[in-house]
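Right, one structure below, let's go through it.
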Amino acid sequence: MTARLIDGKKIAEEIKEELKTQIEQLNKIHSLVPGLATVLVGDDPASHVYVNLKIKNCQALGIASFNHQLSAETSQKELLDLVHNLNADPAVHGILVQVPLPKHIDETEVLLSIDPKKDVDGFHPFSLGKMVIGEDTFLSCTPAGIQQLLIRSNIETQGKHVVVVGRSNIVGKPIANILMQKNPHANATVTICHSRTPNIKDYTLQADILIVAIGIPGFITADMVKEGVTVIDVGTNKIGTTSTGKARLTGDVAFEEVSEIAGAITPSPGGVGPMTIAMLMSNTVKAAKLSIGLKPQDP
Ligand code: GUN
């Protein structure tokens with residue numbers, strides 16, 4: 001392996017240590033305990049794992065968590081009523097409705113019902129619109145985590161060609177927008193490719209920074225990348241179970257062969273995943289601060 005490993009786990013721990021200090025200060029100076037409400041509808045096993053991880057992280061950092069687990073048969077109205085109650089609850093600074101939601105529920109309507117001041121997932125169209133026009137807002141956690149990985153690994157984006165593979169609302173579209181913004185941690189030229197892009201390799205070979213979120217294990221192979229590229233692998237694909245019954249996960253990048261050519265690379269798992277959680281915690285602290293008139297950077 002020649003590529004430098006971008007250790008998302010370690011960087012996420014650094015961020016969480018910083019947050020812990022900020023939370024202690026909020027307790028001490030303002031008697032404020034940041035609070036996150038999680039809403040999980042149905043029995044999707046992966047969603048349960050993710051939400052439990054979010055709850056555990058809240059506990060470790062001193063964030064209060066309010067957990068709502070609803071049956072798969074929950075009606076649209078019941079879910080909207082819960083969100084309205086959470087909107088009105090002063091102890092709740094952030095609301096996270098885990099997606100995907102069951103098919104009979106209109107996801108857009110639910111996300112629209114969250115108070116944008118509590119939209120720590122950054123999925124509300126109001127937050128997304130502000131992001132597009134370069135205003136301060138809650139950035140969705142995975143793209144915000146990718147930007148932090150680049151910043152904290154000293155990987156320059158300014159003037160670079162970023163190629164994003166994948167166009168989802170929660171990764172591809174927002175990360176492309178974030179990195180094209182006119183600011184020092186962005187200023188990249190961005191190309192988006194997706195499952196219907198013909199000759200995708202023609203684009204990936206041009207990337208200085210390649211961000212892959214297409215959901216196909218090992219999709220990016222060594223012949224598709226240029227020497228020295230930075231590769232951010234967002235994929236977490238389940239490819240079976242371990243002897244202890246845990247899910248075996250792998251990324252969208254053929255890690256072994258691509259790391260012979262890349263300059264820097266994230267592993268998956270252990271790259272972007274831990275950063276998503278760290279940014280959710282960070283957005284929750286930000287929401288709590290804003291709720292009492294502080295600025296995000298205030299102690
Ligand atoms: N499903 C997959 N990733 C996420 C996430 O970051 N937030 C929520 N709410 N649901 C998800």
Side-chain angles (χ1 to χ4, degrees), residues 1-19 46 49-50 53-54 56-57 121-122 139-157 160 162-166 168 170-176 178-179 185-186 188 190 193 204 207-222 224-226 228-240 242 246-283:
M1 164 156 175
T2 57
R4 168 161 69 106
L5 196 72
I6 301 175
D7 187 345
K9 233 170 148 172
K10 185 160 154 251
I11 297 172
E13 288 306 321
E14 277 166 27
I15 292 173
K16 289 193 281 185
E17 278 308 311
E18 293 165 16
L19 289 171
V49 171
Y50 291 137
L53 209 55
K54 290 167 188 177
K56 247 173 65 187
N57 273 268
D121 248 335
L139 294 178
S140 28
C141 303
T142 300
I146 294 170
Q147 190 181 34
Q148 279 300 316
L149 273 184
L150 296 171
I151 293 170
R152 289 172 186 251
S153 309
N154 294 313
I155 292 163
E156 182 67 81
T157 51
K160 302 294 185 205
V162 172
V163 177
V164 178
V165 181
S168 70
I170 64 177
V171 185
K173 284 177 193 161
I175 192 62
I178 290 168
L179 294 179
H185 296 307
V190 180
C193 310
T204 58
D208 300 313
I209 300 172
L210 181 63
I211 300 174
V212 193
I214 197 163
I216 303 172
F219 180 79
I220 298 290
T221 45
M224 296 171 78
V225 299
K226 103 178 154 187
V229 62
T230 294
V231 180
I232 306 290
D233 187 355
V234 190
T236 36
N237 307 291
K238 190 173 169 210
I239 50 158
T242 63
K246 274 191 159 173
R248 264 172 58 126
L249 301 172
T250 191
D252 290 349
V253 175
F255 181 82
E256 295 297 331
E257 59 180 75
V258 171
S259 43
E260 294 300 324
I261 296 165
I265 190 166
T266 62
S268 179
V272 175
M275 292 298 291
T276 299
I277 306 255
M279 299 322 290
L280 174 68
M281 302 296 116
S282 170
N283 277 347

Closest heavy-atom contact between [X] and [Y]?
{"X": "Met281", "Y": "Lys54", "value": "CE-O, 3.7 Å"}
{"X": "Gly215", "Y": "Asp252", "value": "N-OD2, 2.9 Å"}
{"X": "Gly235", "Y": "Asp233", "value": "N-OD1, 3.1 Å"}
{"X": "Ile265", "Y": "Ala3", "value": "CG2-CB, 3.8 Å"}
{"X": "Val229", "Y": "Ala207", "value": "CG2-O, 3.4 Å"}
{"X": "Met224", "Y": "Thr204", "value": "O-OG1, 2.8 Å"}

**Request:** Would you check, one step at a time, whether the test side chain to side chain contact (heavy atoms under 4.5 Å, CB included) holds for Leu150 with Ile232?
**Result:** CA-CA 9 Å; Leu150 296 171; Ile232 306 290; 4.0 Å; yes
How many angstroms lie between [atom1] in [X] and [atom2] in [Y], if you round to the nearest 0.5 Å?
{"X": "Glu156", "Y": "Ile151", "atom1": "CD", "atom2": "CD1", "value": "10.5 Å"}
{"X": "Asp208", "Y": "Thr230", "atom1": "CG", "atom2": "OG1", "value": "8.0 Å"}
{"X": "Leu149", "Y": "Ile6", "atom1": "CG", "atom2": "CD1", "value": "6.5 Å"}
{"X": "Asp7", "Y": "Leu5", "atom1": "CG", "atom2": "CG", "value": "6.0 Å"}
{"X": "Gln148", "Y": "Ile11", "atom1": "CD", "atom2": "CD1", "value": "9.0 Å"}
{"X": "Ile277", "Y": "Asn57", "atom1": "CD1", "atom2": "CG", "value": "5.0 Å"}

Can you find a pair of side-chain heavy atoms, one from [X] and one from [Y], that are under 4.5 Å apart?
{"X": "Val253", "Y": "Ser268", "result": "no"}
{"X": "Met275", "Y": "Ile15", "result": "yes"}
{"X": "Cys193", "Y": "Val163", "result": "yes"}
{"X": "Ile209", "Y": "Leu179", "result": "no"}

**Prompt:** Quick one: does Arg152's side chain have a donor or acceptor within less than 3.5 Å of a partner on Glu14's backbone?
**Reply:**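 Such a contact is absent between Arg152 side chain and Glu14 backbone.
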**Prompt:** Among Ile214, Val225, Val231, which residue meets the side-chain contact (heavy atoms from CB on, under 4.5 Å) test with Ile220?
**Reply:** Val225
**Item:** Electrostatic pair Glu13:Lys16 at N-O distance under 4.0 angstrom
**Value:** yes
Side-chain atoms of residues 256-264: list all donor-acceptor pairs with protein atoms under 3.5 Å, sequence neighbours left out, distances to 0.1 Å.
| unit_1 | atom_1 | unit_2 | atom_2 | d |
| --- | --- | --- | --- | --- |
| Glu257 | OE2 | Ala222 | N | 2.8 |
| Ser259 | OG | Phe255 | O | 2.6 |
| Ser259 | OG | Glu256 | O | 3.1 |
| Glu260 | OE2 | Met1 | N | 3.0 |

Sequence neighbours left out, cut at 3.5 Å: what donor-acceptor pairs do the side chains of residues 139-146 make with other protein atoms?
| unit_1 | atom_1 | unit_2 | atom_2 | d |
| --- | --- | --- | --- | --- |
| Thr142 | OG1 | Thr276 | OG1 | 2.9 |

